[in-house]
Protein chains: 2
Amino acid sequence: MDAAAAELASGRSFDTLSLREVAKLAGIAPTSFYRHFHDMEGLGLALIEEHGTTLVNLMHRVREQAAEGRSVIRTSVETLFDYIFGNQGMSRMILQESLSRQSAFRSAAEKLLVTMSRDLAEFLVWDADRRGVPLGHPRLAADSTVAILFTTGIALLDTPAEERERYIEAAIIKVRMIMRGSEAMGQA
Amino acid sequence: MDAAAAELASGRSFDTLSLREVAKLAGIAPTSFYRHFHDMEGLGLALIEEHGTTLVNLMHRVREQAAEGRSVIRTSVETLFDYIFGNQGMSRMILQESLSRQSAFRSAAEKLLVTMSRDLAEFLVWDADRRGVPLGHPRLAADSTVAILFTTGIALLDTPAEERERYIEAAIIKVRMIMRGSEAMGQA
DNA sequence: AGTTTCAGCGTACACTTGTACGCACAACTG
DNA sequence: CAGTTGTGCGTACAAGTGTACGCTGAAACT
(Lines give C-alpha, C1' and ligand atoms only; values in the text may rest on other atoms or scores of the structure.)
Protein backbone atom coordinates (compact mmCIF):
# COMPACT_ATOMS: atom_id res chain seq x y z
CA MET A 1 0.00 0.00 0.00
CA ASP A 2 2.82 2.40 0.81
CA ALA A 3 4.54 1.64 -2.47
CA ALA A 4 1.37 2.27 -4.45
CA ALA A 5 0.61 5.47 -2.56
CA ALA A 6 4.12 6.74 -3.20
CA GLU A 7 3.78 6.11 -6.90
CA LEU A 8 0.41 7.83 -6.98
CA ALA A 9 1.89 10.80 -5.18
CA SER A 10 4.45 11.20 -7.93
CA GLY A 11 1.67 11.74 -10.44
CA ARG A 12 0.92 8.32 -11.89
CA SER A 13 -2.72 7.42 -12.33
CA PHE A 14 -3.84 4.28 -10.57
CA ASP A 15 -4.80 2.36 -13.64
CA THR A 16 -1.42 2.71 -15.29
CA LEU A 17 0.03 1.08 -12.21
CA SER A 18 0.82 -2.59 -12.77
CA LEU A 19 0.80 -5.38 -10.27
CA ARG A 20 4.40 -6.26 -11.08
CA GLU A 21 5.52 -2.68 -10.64
CA VAL A 22 3.90 -2.31 -7.26
CA ALA A 23 5.37 -5.62 -6.17
CA LYS A 24 8.83 -4.57 -7.26
CA LEU A 25 8.54 -1.25 -5.41
CA ALA A 26 7.36 -3.05 -2.32
CA GLY A 27 10.37 -5.33 -2.55
CA ILE A 28 8.48 -8.58 -3.04
CA ALA A 29 8.07 -10.95 -5.96
CA PRO A 30 5.11 -10.34 -8.27
CA THR A 31 3.47 -13.56 -7.17
CA SER A 32 3.69 -12.60 -3.51
CA PHE A 33 1.31 -9.76 -4.22
CA TYR A 34 -1.54 -12.25 -4.19
CA ARG A 35 -0.89 -13.06 -0.56
CA HIS A 36 -2.18 -9.59 0.32
CA PHE A 37 -4.71 -8.66 -2.32
CA HIS A 38 -6.71 -10.65 -4.78
CA ASP A 39 -6.34 -7.95 -7.38
CA MET A 40 -5.04 -4.50 -8.09
CA GLU A 41 -8.64 -3.52 -7.51
CA GLY A 42 -8.34 -4.92 -4.00
CA LEU A 43 -5.34 -2.72 -3.36
CA GLY A 44 -7.13 0.35 -4.67
CA LEU A 45 -10.17 -0.24 -2.53
CA ALA A 46 -8.02 -0.74 0.56
CA LEU A 47 -6.27 2.57 -0.14
CA ILE A 48 -9.50 4.48 -0.59
CA GLU A 49 -10.97 2.91 2.53
CA GLU A 50 -7.99 3.80 4.68
CA HIS A 51 -7.71 7.42 3.59
CA GLY A 52 -11.44 7.81 3.64
CA THR A 53 -11.85 7.10 7.32
CA THR A 54 -8.80 9.20 8.18
CA LEU A 55 -10.23 12.14 6.31
CA VAL A 56 -13.72 11.87 7.74
CA ASN A 57 -12.38 11.70 11.28
CA LEU A 58 -10.05 14.61 10.65
CA MET A 59 -12.84 16.91 9.50
CA HIS A 60 -14.96 15.85 12.46
CA ARG A 61 -12.27 16.80 14.91
CA VAL A 62 -11.57 20.09 13.19
CA ARG A 63 -15.17 21.18 13.46
CA GLU A 64 -15.27 20.36 17.15
CA GLN A 65 -12.15 22.35 17.92
CA ALA A 66 -12.95 25.23 15.63
CA ALA A 67 -16.30 25.80 17.30
CA GLU A 68 -14.37 27.51 20.07
CA GLY A 69 -12.71 30.50 18.48
CA ARG A 70 -11.62 31.02 14.88
CA SER A 71 -13.76 30.93 11.78
CA VAL A 72 -14.99 27.41 11.14
CA ILE A 73 -14.87 27.90 7.40
CA ARG A 74 -11.29 29.12 7.36
CA THR A 75 -10.06 26.41 9.69
CA SER A 76 -11.85 23.65 7.80
CA VAL A 77 -10.60 24.80 4.42
CA GLU A 78 -7.04 25.10 5.62
CA THR A 79 -7.12 21.71 7.31
CA LEU A 80 -8.57 19.97 4.29
CA PHE A 81 -6.03 21.61 2.01
CA ASP A 82 -3.22 20.56 4.32
CA TYR A 83 -4.45 17.00 4.15
CA ILE A 84 -4.71 17.10 0.36
CA PHE A 85 -1.19 18.46 0.19
CA GLY A 86 0.13 15.75 2.44
CA ASN A 87 -1.67 13.02 0.50
CA GLN A 88 -1.63 14.27 -3.06
CA GLY A 89 -1.75 10.93 -4.77
CA MET A 90 -4.63 9.57 -2.78
CA SER A 91 -6.66 12.76 -2.91
CA ARG A 92 -6.32 12.96 -6.65
CA MET A 93 -7.22 9.33 -7.02
CA ILE A 94 -10.33 9.61 -4.88
CA LEU A 95 -11.67 12.59 -6.78
CA GLN A 96 -10.81 11.14 -10.17
CA GLU A 97 -12.35 7.79 -9.40
CA SER A 98 -15.51 9.45 -8.17
CA LEU A 99 -15.85 10.75 -11.72
CA SER A 100 -15.10 7.46 -13.46
CA ARG A 101 -17.45 4.89 -14.84
CA GLN A 102 -19.54 2.68 -12.58
CA SER A 103 -17.08 0.43 -10.78
CA ALA A 104 -16.02 -0.64 -7.32
CA PHE A 105 -13.64 2.33 -7.20
CA ARG A 106 -16.24 4.80 -8.14
CA SER A 107 -18.63 3.50 -5.48
CA ALA A 108 -15.97 3.68 -2.80
CA ALA A 109 -14.84 7.18 -3.74
CA GLU A 110 -18.38 8.45 -4.06
CA LYS A 111 -19.32 6.98 -0.72
CA LEU A 112 -16.55 8.99 0.90
CA LEU A 113 -17.60 12.25 -0.71
CA VAL A 114 -21.22 11.62 0.22
CA THR A 115 -20.26 10.94 3.81
CA MET A 116 -18.26 14.15 3.98
CA SER A 117 -21.16 16.06 2.49
CA ARG A 118 -23.68 14.54 4.91
CA ASP A 119 -21.47 15.29 7.90
CA LEU A 120 -20.97 18.85 6.77
CA ALA A 121 -24.69 19.37 6.21
CA GLU A 122 -25.40 18.12 9.71
CA PHE A 123 -22.93 20.58 11.15
CA LEU A 124 -24.27 23.45 9.06
CA VAL A 125 -27.80 22.88 10.29
CA TRP A 126 -26.66 22.65 13.90
CA ASP A 127 -24.61 25.80 13.57
CA ALA A 128 -27.37 27.72 11.80
CA ASP A 129 -29.86 26.75 14.49
CA ARG A 130 -27.45 27.95 17.13
CA ARG A 131 -27.17 31.32 15.42
CA GLY A 132 -30.86 31.50 14.62
CA VAL A 133 -30.21 31.92 10.91
CA PRO A 134 -32.27 29.47 8.82
CA LEU A 135 -30.51 27.80 5.88
CA GLY A 136 -32.10 26.89 2.57
CA HIS A 137 -31.24 23.49 1.08
CA PRO A 138 -28.44 22.75 3.54
CA ARG A 139 -27.70 19.41 1.92
CA LEU A 140 -27.17 20.99 -1.48
CA ALA A 141 -25.03 23.70 0.07
CA ALA A 142 -22.85 21.01 1.66
CA ASP A 143 -22.65 19.12 -1.63
CA SER A 144 -21.48 22.21 -3.46
CA THR A 145 -18.97 23.04 -0.77
CA VAL A 146 -17.38 19.59 -0.84
CA ALA A 147 -17.19 19.62 -4.63
CA ILE A 148 -15.66 23.09 -4.72
CA LEU A 149 -13.13 22.35 -2.02
CA PHE A 150 -11.92 19.12 -3.57
CA THR A 151 -11.60 20.45 -7.10
CA THR A 152 -9.91 23.63 -5.86
CA GLY A 153 -7.66 21.67 -3.57
CA ILE A 154 -6.46 19.36 -6.30
CA ALA A 155 -5.95 22.25 -8.69
CA LEU A 156 -3.87 23.90 -5.99
CA LEU A 157 -1.35 21.06 -5.99
CA ASP A 158 0.30 22.12 -9.23
CA THR A 159 0.09 25.82 -8.52
CA PRO A 160 3.33 27.73 -7.94
CA ALA A 161 3.87 28.38 -4.23
CA GLU A 162 3.59 32.16 -4.49
CA GLU A 163 0.04 31.96 -5.85
CA ARG A 164 -1.25 29.44 -3.36
CA GLU A 165 -2.19 31.90 -0.66
CA ARG A 166 -4.35 33.79 -3.11
CA TYR A 167 -6.10 30.62 -4.24
CA ILE A 168 -6.81 29.56 -0.70
CA GLU A 169 -8.39 32.92 0.03
CA ALA A 170 -10.43 32.52 -3.13
CA ALA A 171 -11.64 29.11 -1.97
CA ILE A 172 -12.73 30.59 1.34
CA ILE A 173 -14.67 33.28 -0.45
CA LYS A 174 -16.33 30.65 -2.62
CA VAL A 175 -17.50 28.75 0.44
CA ARG A 176 -18.75 31.92 2.11
CA MET A 177 -20.62 32.74 -1.07
CA ILE A 178 -22.44 29.43 -0.96
CA MET A 179 -23.31 29.98 2.70
CA ARG A 180 -24.64 33.45 1.98
CA GLY A 181 -26.73 32.02 -0.82
CA SER A 182 -28.10 29.30 1.38
CA GLU A 183 -28.99 31.84 4.06
CA ALA A 184 -30.70 34.06 1.50
CA MET A 185 -32.72 31.10 0.32
CA GLY A 186 -33.58 30.19 3.89
CA GLN A 187 -35.17 33.55 4.50
CA ALA A 188 -37.39 33.45 1.42
CA MET B 1 -10.44 10.03 -33.18
CA ASP B 2 -13.90 8.49 -33.52
CA ALA B 3 -12.61 5.12 -32.42
CA ALA B 4 -10.94 6.58 -29.36
CA ALA B 5 -13.99 8.65 -28.46
CA ALA B 6 -16.20 5.59 -28.74
CA GLU B 7 -13.97 3.64 -26.42
CA LEU B 8 -13.90 6.50 -23.92
CA ALA B 9 -17.67 6.68 -24.05
CA SER B 10 -17.89 3.06 -22.98
CA GLY B 11 -16.08 3.89 -19.78
CA ARG B 12 -12.40 3.28 -20.46
CA SER B 13 -9.98 5.84 -19.16
CA PHE B 14 -7.74 7.44 -21.73
CA ASP B 15 -4.49 6.20 -20.35
CA THR B 16 -5.49 2.57 -20.41
CA LEU B 17 -6.13 3.03 -24.12
CA SER B 18 -3.28 1.65 -26.21
CA LEU B 19 -2.10 2.81 -29.57
CA ARG B 20 -2.59 -0.65 -31.03
CA GLU B 21 -6.09 -0.91 -29.72
CA VAL B 22 -7.16 2.42 -31.15
CA ALA B 23 -5.59 1.49 -34.47
CA LYS B 24 -7.43 -1.81 -34.56
CA LEU B 25 -10.74 -0.15 -33.75
CA ALA B 26 -10.12 2.44 -36.44
CA GLY B 27 -9.48 -0.37 -38.91
CA ILE B 28 -5.86 0.49 -39.68
CA ALA B 29 -2.55 -1.16 -38.90
CA PRO B 30 -0.83 -0.05 -35.69
CA THR B 31 1.99 1.52 -37.66
CA SER B 32 -0.43 3.62 -39.70
CA PHE B 33 -1.39 5.43 -36.54
CA TYR B 34 1.79 7.45 -36.81
CA ARG B 35 0.65 8.96 -40.09
CA HIS B 36 -1.98 10.90 -38.14
CA PHE B 37 -0.54 11.51 -34.70
CA HIS B 38 2.94 11.46 -33.33
CA ASP B 39 1.74 9.93 -30.10
CA MET B 40 -1.28 8.88 -28.13
CA GLU B 41 -0.80 12.22 -26.46
CA GLY B 42 -1.30 13.86 -29.83
CA LEU B 43 -4.59 12.08 -30.23
CA GLY B 44 -5.74 13.08 -26.78
CA LEU B 45 -4.90 16.73 -27.33
CA ALA B 46 -6.73 16.75 -30.65
CA LEU B 47 -9.82 15.29 -28.96
CA ILE B 48 -9.80 17.84 -26.16
CA GLU B 49 -9.25 20.66 -28.62
CA GLU B 50 -12.14 19.62 -30.84
CA HIS B 51 -14.68 19.15 -28.08
CA GLY B 52 -13.45 22.23 -26.31
CA THR B 53 -14.28 24.64 -29.10
CA THR B 54 -17.60 22.91 -29.75
CA LEU B 55 -18.57 23.28 -26.13
CA VAL B 56 -17.50 26.90 -25.78
CA ASN B 57 -19.44 27.87 -28.90
CA LEU B 58 -22.48 25.94 -27.74
CA MET B 59 -22.68 27.76 -24.42
CA HIS B 60 -22.20 31.08 -26.18
CA ARG B 61 -25.12 30.44 -28.46
CA VAL B 62 -27.34 29.25 -25.64
CA ARG B 63 -26.82 32.42 -23.65
CA GLU B 64 -27.67 34.57 -26.64
CA GLN B 65 -30.88 32.73 -27.33
CA ALA B 66 -31.90 32.33 -23.73
CA ALA B 67 -31.68 36.05 -23.10
CA GLU B 68 -35.04 36.30 -24.82
CA GLY B 69 -37.45 34.34 -22.69
CA ARG B 70 -36.78 31.40 -20.38
CA SER B 71 -34.49 31.31 -17.39
CA VAL B 72 -30.89 31.57 -18.48
CA ILE B 73 -29.74 29.34 -15.67
CA ARG B 74 -32.21 26.58 -16.43
CA THR B 75 -31.51 26.66 -20.17
CA SER B 76 -27.75 26.68 -19.70
CA VAL B 77 -27.76 23.83 -17.24
CA GLU B 78 -30.00 21.71 -19.41
CA THR B 79 -27.96 22.38 -22.52
CA LEU B 80 -24.69 21.60 -20.83
CA PHE B 81 -26.08 18.40 -19.37
CA ASP B 82 -27.39 17.39 -22.78
CA TYR B 83 -23.95 17.90 -24.22
CA ILE B 84 -22.32 15.92 -21.45
CA PHE B 85 -24.81 13.12 -22.03
CA GLY B 86 -24.13 13.09 -25.73
CA ASN B 87 -20.37 13.09 -25.21
CA GLN B 88 -19.88 11.13 -22.05
CA GLY B 89 -16.41 9.86 -22.78
CA MET B 90 -14.98 13.20 -23.72
CA SER B 91 -16.63 15.10 -20.90
CA ARG B 92 -15.34 12.64 -18.35
CA MET B 93 -11.88 12.78 -19.84
CA ILE B 94 -11.73 16.56 -19.83
CA LEU B 95 -12.73 16.82 -16.20
CA GLN B 96 -10.49 13.98 -15.08
CA GLU B 97 -7.49 15.32 -16.93
CA SER B 98 -8.01 18.76 -15.46
CA LEU B 99 -7.41 17.07 -12.11
CA SER B 100 -4.34 15.09 -13.16
CA ARG B 101 -0.70 15.89 -12.72
CA GLN B 102 0.98 18.67 -14.68
CA SER B 103 0.97 17.51 -18.30
CA ALA B 104 -0.09 18.56 -21.75
CA PHE B 105 -3.53 17.06 -21.12
CA ARG B 106 -4.02 18.86 -17.92
CA SER B 107 -3.10 22.21 -19.50
CA ALA B 108 -5.50 21.66 -22.37
CA ALA B 109 -8.38 20.58 -20.15
CA GLU B 110 -7.77 23.37 -17.68
CA LYS B 111 -7.63 25.91 -20.45
CA LEU B 112 -11.08 24.86 -21.56
CA LEU B 113 -12.58 25.11 -18.09
CA VAL B 114 -10.95 28.50 -17.55
CA THR B 115 -12.35 29.75 -20.85
CA MET B 116 -15.84 28.60 -19.92
CA SER B 117 -15.52 30.25 -16.56
CA ARG B 118 -14.28 33.52 -18.05
CA ASP B 119 -17.08 33.59 -20.60
CA LEU B 120 -19.66 32.90 -17.94
CA ALA B 121 -18.29 35.61 -15.67
CA GLU B 122 -18.47 38.09 -18.52
CA PHE B 123 -22.09 37.22 -19.11
CA LEU B 124 -22.95 37.37 -15.42
CA VAL B 125 -21.54 40.87 -15.10
CA TRP B 126 -23.36 42.05 -18.21
CA ASP B 127 -26.63 40.55 -17.02
CA ALA B 128 -26.24 41.92 -13.49
CA ASP B 129 -25.57 45.40 -14.86
CA ARG B 130 -28.67 45.14 -17.00
CA ARG B 131 -30.78 44.28 -13.96
CA GLY B 132 -29.03 46.80 -11.73
CA VAL B 133 -28.03 44.12 -9.21
CA PRO B 134 -24.33 44.31 -8.35
CA LEU B 135 -22.46 41.00 -8.04
CA GLY B 136 -19.66 40.23 -5.60
CA HIS B 137 -16.66 38.30 -6.93
CA PRO B 138 -18.30 37.41 -10.25
CA ARG B 139 -15.22 35.52 -11.41
CA LEU B 140 -15.28 33.27 -8.36
CA ALA B 141 -19.00 32.73 -8.77
CA ALA B 142 -18.43 31.63 -12.35
CA ASP B 143 -15.60 29.34 -11.28
CA SER B 144 -17.79 27.67 -8.71
CA THR B 145 -20.64 27.31 -11.15
CA VAL B 146 -18.52 25.63 -13.79
CA ALA B 147 -17.00 23.26 -11.24
CA ILE B 148 -20.39 22.35 -9.79
CA LEU B 149 -21.99 21.82 -13.16
CA PHE B 150 -19.25 19.59 -14.50
CA THR B 151 -18.95 17.41 -11.42
CA THR B 152 -22.73 17.12 -11.11
CA GLY B 153 -23.07 16.44 -14.82
CA ILE B 154 -20.56 13.63 -14.78
CA ALA B 155 -22.09 12.13 -11.66
CA LEU B 156 -25.43 12.22 -13.45
CA LEU B 157 -24.18 9.91 -16.17
CA ASP B 158 -24.35 6.80 -14.02
CA THR B 159 -27.53 7.77 -12.25
CA PRO B 160 -30.66 5.71 -12.93
CA ALA B 161 -32.99 7.51 -15.33
CA GLU B 162 -35.79 8.01 -12.80
CA GLU B 163 -33.57 10.04 -10.49
CA ARG B 164 -32.08 12.26 -13.13
CA GLU B 165 -34.82 14.88 -13.16
CA ARG B 166 -34.40 15.37 -9.43
CA TYR B 167 -30.63 15.75 -9.77
CA ILE B 168 -31.00 18.30 -12.53
CA GLU B 169 -33.34 20.35 -10.39
CA ALA B 170 -30.82 20.09 -7.58
CA ALA B 171 -28.08 21.37 -9.87
CA ILE B 172 -30.21 24.34 -10.83
CA ILE B 173 -30.81 25.16 -7.18
CA LYS B 174 -27.08 24.93 -6.53
CA VAL B 175 -26.37 27.46 -9.25
CA ARG B 176 -29.09 29.78 -8.02
CA MET B 177 -27.62 29.51 -4.55
CA ILE B 178 -24.25 30.67 -5.79
CA MET B 179 -25.88 33.59 -7.61
CA ARG B 180 -27.81 34.60 -4.52
CA GLY B 181 -24.59 34.47 -2.53
CA SER B 182 -22.77 36.58 -5.08
CA GLU B 183 -25.56 39.14 -5.05
CA ALA B 184 -25.54 39.25 -1.26
CA MET B 185 -21.81 39.87 -1.32
CA GLY B 186 -22.25 42.54 -3.94
CA GLN B 187 -24.55 44.55 -1.72
CA ALA B 188 -22.23 44.56 1.27
C1' DA C 1 5.99 -32.00 19.33
C1' DG C 2 3.36 -32.09 15.52
C1' DT C 3 0.59 -29.53 12.42
C1' DT C 4 -1.35 -25.84 10.01
C1' DT C 5 -1.18 -21.31 8.17
C1' DC C 6 1.22 -17.52 6.20
C1' DA C 7 4.23 -14.98 3.28
C1' DG C 8 7.66 -15.39 0.47
C1' DC C 9 10.27 -17.28 -3.88
C1' DG C 10 11.60 -18.84 -9.09
C1' DT C 11 10.12 -20.55 -13.36
C1' DA C 12 7.18 -20.53 -17.10
C1' DC C 13 3.66 -19.16 -20.50
C1' DA C 14 0.85 -16.73 -23.53
C1' DC C 15 -0.23 -12.18 -24.54
C1' DT C 16 0.07 -7.13 -25.30
C1' DT C 17 2.73 -3.06 -25.85
C1' DG C 18 5.42 0.75 -28.64
C1' DT C 19 7.94 1.31 -32.49
C1' DA C 20 11.88 0.66 -36.26
C1' DC C 21 12.24 -0.59 -41.07
C1' DG C 22 11.18 -0.81 -45.70
C1' DC C 23 7.80 -1.44 -49.30
C1' DA C 24 3.38 -0.30 -52.10
C1' DC C 25 0.05 2.38 -54.11
C1' DA C 26 -2.85 6.45 -54.67
C1' DA C 27 -3.32 11.42 -55.44
C1' DC C 28 -1.52 15.65 -56.37
C1' DT C 29 2.06 18.92 -58.60
C1' DG C 30 5.23 20.45 -61.97
C1' DC D 1 4.69 12.38 -67.95
C1' DA D 2 8.07 12.36 -63.90
C1' DG D 3 8.21 13.27 -59.17
C1' DT D 4 6.68 14.16 -54.63
C1' DT D 5 3.75 13.46 -50.78
C1' DG D 6 0.44 11.09 -47.95
C1' DT D 7 -1.49 6.97 -46.23
C1' DG D 8 -1.47 2.47 -45.92
C1' DC D 9 0.74 -2.39 -45.02
C1' DG D 10 3.56 -6.69 -42.90
C1' DT D 11 7.31 -8.20 -40.29
C1' DA D 12 10.11 -8.11 -36.35
C1' DC D 13 11.78 -7.26 -31.70
C1' DA D 14 12.60 -6.25 -27.01
C1' DA D 15 10.13 -5.17 -23.02
C1' DG D 16 6.42 -5.57 -19.97
C1' DT D 17 1.91 -7.83 -18.41
C1' DG D 18 -1.15 -11.14 -15.33
C1' DT D 19 -1.08 -15.38 -13.34
C1' DA D 20 -0.66 -20.81 -12.79
C1' DC D 21 2.25 -24.05 -10.36
C1' DG D 22 4.79 -25.94 -6.81
C1' DC D 23 8.55 -25.27 -3.42
C1' DT D 24 10.41 -23.18 0.96
C1' DG D 25 10.87 -21.78 5.77
C1' DA D 26 9.08 -19.28 9.67
C1' DA D 27 5.40 -18.39 12.90
C1' DA D 28 1.42 -19.70 15.36
C1' DC D 29 -1.64 -23.02 17.08
C1' DT D 30 -3.08 -27.43 19.44
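Lettering follows sequence order; numbering is per chain, from 1.
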For a quick check under 3.5 Å, do B:Ser117 and B:Asp143 share a side-chain donor-acceptor pair by atom type?
yes
What's the CZ-P distance between A:Phe33 and C:dA7, to the nearest Å?
14 Å
Separation of C:dT16 atom P from B:Arg12 atom CZ, nearest Å, is 13 Å
Once each nucleotide of nucleotides 13-29 of chain D is scored for protein heavy atoms under 4.0 Å, what B/S/- sequence comes out, 5' to 3'?
----BBBBB--------
Using a 4.5 Å side-chain heavy-atom cut-off and chaining through intermediate ILVMFWY residues, the residues clustered with B:Ile148 come out as A:Leu140, A:Ile148, A:Ile173, A:Met177, A:Ile178, A:Met185, B:Leu140, B:Ile173, B:Met177, B:Ile178, B:Met185
B:Leu43 CG to C:dG18 C1', straight-line distance once rounded to whole Å
15 Å
Taking NZ from B:Lys24 and P from C:dG18, how many angstroms apart are they, rounded to a whole number?
12 Å
What do the steps show when you test B:Glu97 against B:Ser100 for side chain to side chain donor-acceptor pair (under 3.5 Å), and what is the final call?
CA-CA 5 Å; B:Glu97 290 302 337; B:Ser100 72; 3.3 Å; yes
Salt bridge or not for B:Glu122 and B:Arg63, using N-O below 4.0 Å?
no
Would you call A:Asp158 and A:Arg92 a salt bridge, using N to O less than 4.0 angstrom?
yes
Answer yes or no: does a side-chain N or O of B:Ser32 lie under 4.0 Å from OP1 or OP2 of D:dT7?
no
Short N-O contact, A:Glu169 and A:Lys174, less than 4.0 angstrom
no
